[in-house]
**Student:** 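Structure provided below as structure tokens; questions to follow.
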Amino acid sequence: MSSNICTRFAPSPTGFLHVGGLRTALYNYLFARNHAGKMILRIEDTDRARFVPGATESLIRTLRVMGIDYDEGPDKPGSSGPYLQSERTDIYQQHAEQLINQGDAYYCFCTPERLEQIRKQQESSNQQPKYDGYCRNLTTSEISHNLESGKPYVIRLKMPLQGESRFTDLIREEVVVQNELIDDQILIKSDGFPTYHLANVIDDHLMGISHVIRGEEWLLSVPKHLRLYQAFEWKPPAMAHLPLLLNPDKSKLSKRQGDVAVEEFLEKGYLPEALNNFVALLGWNPGDNQEIYTLPQLIEKFSLERVNKSGAVFDIQKLNWLNGQYLRQLTPQDRGKFLLPHLVKAGFDTTDHARTEKIIDAVYKRLSFGAQMGTEAVIFYSDNLVISEEQARMVLVKPTSKQVLAHFLKKLDSVNEVNVDIFRNIMKEVQQETGISKEDLWMPIRVALTGVTHGPDLPVVIEIFGKEKISRFVSQALAF
RNA sequence: GGCGCGUUCGUCUAGUGGUCUAGGACGCCGGCCUCUCACGCCGGUAACACGGGUUCGACUCCCGUACGCGCUACCA
């Protein structure tokens with residue numbers, strides 16, 4: 001780890017890891033590893049009102065499952081800690097004071113009510129809402145009087161009133177913002193905690209972050225951050241603002257339109273590798289025609305230059321396809337290990353290991369994700385024939401079907417057990433005796449055994465069923 | 001409203017002035033395999049937002065318009 005490249009993923013503990021957060025974390029990880037640099041996990045928990053107990057632990061757990069193996073974080077102490085911003089308040093306080101002393105920040109005693117009022121005024125006159133600078137020029141005696149009388153205050157950044165801020169983003173290139181439009185951002189809230197803007201600048205500097213890779217929603221606050229770096233006389237890190245992940249209707253990806261929590265995808269039986277692969281390709285592409293990449297391959301190929309500028313729709317269909325690809329690539333052992341819990345979750349009896357293995361083997365090619373095990377394997381766990389679809393019912397009422405079923409049952413009675421060879425023999429004999437073949441021959445048996453017109457190969461099904469169950473089901477079908 | 005960012009098949013994207021009658025993938029449609037569905041294989045459908053420039057030549061460069069999204073909090 002000889003390079004000076006260092007990235008960070010800095011979520012706030014307000015809930016589960018979001019797929020958008022996963023992508024941000026992944027890009028930070030890929031970039032760091034690609035440059036033989038390191039990555040830090042920092043928890044931005046300065047908003048006490050939105051803090052969710054357990055969220056930090058959940059975030060850490062999910063990142064671990066996803067294989068995003070950062071170098072330092074709350075659970076991995078290193079030289080840059082502490083990694084919880086709530087444990088760094090002294091640092092922020094100290095730096096805020098420095099800013100005040102330098103004249104780069106000022107105390108503001110305005111009440112929320114006054115702030116609300118000026119905002120309303122500005123909005124009604126179609127102006128950009130912005131602090132009016134009332135406390136910018138308070139005299140020192142006014143300030144000390146307010147302070148001494150215990151008046152609540154915040155500390156604000158003193159932004160230049162004119163000129164422009166320009167910076168180069170690694171993804172968006174040149175960005176220019178007029179300074180007069182930038183608010184005197186609150187740096188320290190009245191509860192003494194810093195806002196994101198102050199904390200992230202101080203931490204990024206102190207932790208030696210070389211590249212800030214985060215969502216596009218932060219793009220317009222970069223000038224404020226740059227002003228801070230300037231005031232502290234620090235070298236700002238390189239910036240890369242990622243395009244947003246979108247709902248199918250192109251709005252910002254949200255819970256309202258399907259799942260967004262990584263844990264939920266994991267729960268449903270999506271493989272971490274597939275999720276990473278999919279999410280990596282949302283907004284970035286290595287330029288070849290490959291679709292499936294291992295994590296090491298992603299690391300090797302990743303570059304910020306190839307990150308797109310525009311938002312990407314999270315297309316569940318493609319994820320399903322990709323996850324199916326990964327599922328089918330698994331070794332039989334891994335497949336069994338991965339799919340078994342979903343059989344259990346569906347409430348099926350898995351105590352017979354050999355049988356369970358056969359069932360998994362019979363259906364895995366039909367799955368996009370693990371939870372589909374419940375519907376795909378249900379045919380092996382029902383005790384009675386249930387005809388649930390119209391198509392299946394139509395098969396059974398055909399006269400030829402009754403004929404096939406009757407002959408089949410008679411043949412079945414003459415054997416002691418059923419295996420693939422015996423089954424095939426019986427079918428051949430039924431065909432010869434009835435003159436019925438192909439679909440008219442096989443489909444009645446399929447429907448009689450499974451209740452539906454689709455499913456795994458019949459020989460596979462009959463071997464898992466066994467003679468007794470086959471006989472019972474066919475009798476039921478005959479009586480239908 | 002103001003400001004910022006963006007705009008290639010329905011979706012993810014390749015494309016960095018001529019190789020584009022625009023390539024790949026998902027989806028969809030058709031075919032093969034087959035008792036069925038799925039898998040797999042083969043084929044098809046479908047896009048440069050619009051208008052001006054610049055240039056011998058624009059998907060590619062510039063400007064404008066439209067549309068989308070983001071920011072506009074004592075939230076991150």
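We name chains A, B, ... by the order of the sequence lines, and we start the count at 1 in each one.
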**Student:** Out of B:C12, B:U13, B:C35, which nucleotide sits closest to the side chain of A:Asn308?
**Tutor:** B:U13
**Student:** Is the shortest heavy-atom distance from the side chain of A:Ile43 to the side chain of A:Gln85 under 4.5 Å?
**Tutor:** no
**Student:** Applying a 3.5 Å limit to both distances, which nucleotide forms a Watson-Crick or G-U wobble pair with B:C74?
**Tutor:** none
**Student:** Please state the C1' separation for the pair B:C3 and B:U21 - nearest whole angstrom.
**Tutor:** 43 Å
**Student:** Has A:Trp321 got its ring stacked on the base of B:C26, with centres under 5.5 Å and planes less than 30° apart?
**Tutor:** no
**Student:** Please name the nucleotide paired to B:A58 by Watson-Crick or G-U wobble geometry with both distances under 3.5 Å, or report none.
**Tutor:** none
**Student:** Could you check whether the side chain of A:Lys318 and the base of B:A25 have a donor-acceptor pair of N or O atoms closer than 3.5 Å, going by distance alone?
**Tutor:** yes
**Student:** Is the closest side-chain heavy-atom distance between A:Tyr196 and A:Asp47 below 4.5 Å?
**Tutor:** no
**Student:** Let me know the distance between CD of A:Gln317 and P of B:C12, rounded to the nearest Å.
**Tutor:** 13 Å
**Student:** Looking at A:Arg156, A:Arg136, A:Lys130, which one forms a side chain to side chain donor-acceptor pair (under 3.5 Å) with A:Asp184?
**Tutor:** A:Arg136
**Student:** Within 45° of the ring axis of A:Tyr364 and under 6.0 Å from its six-membered ring centre, is that where the NZ or CZ of A:Arg328 lies?
**Tutor:** no
**Student:** Determine whether a donor-acceptor pair (one donor, one acceptor, N or O, separation below 3.5 Å) exists between the side chain of A:Arg446 and the base of B:C35.
**Tutor:** yes
**Student:** If pairing requires Watson-Crick or G-U wobble contacts with both distances under 3.5 Å, which nucleotide is the partner of B:G40?
**Tutor:** B:C32
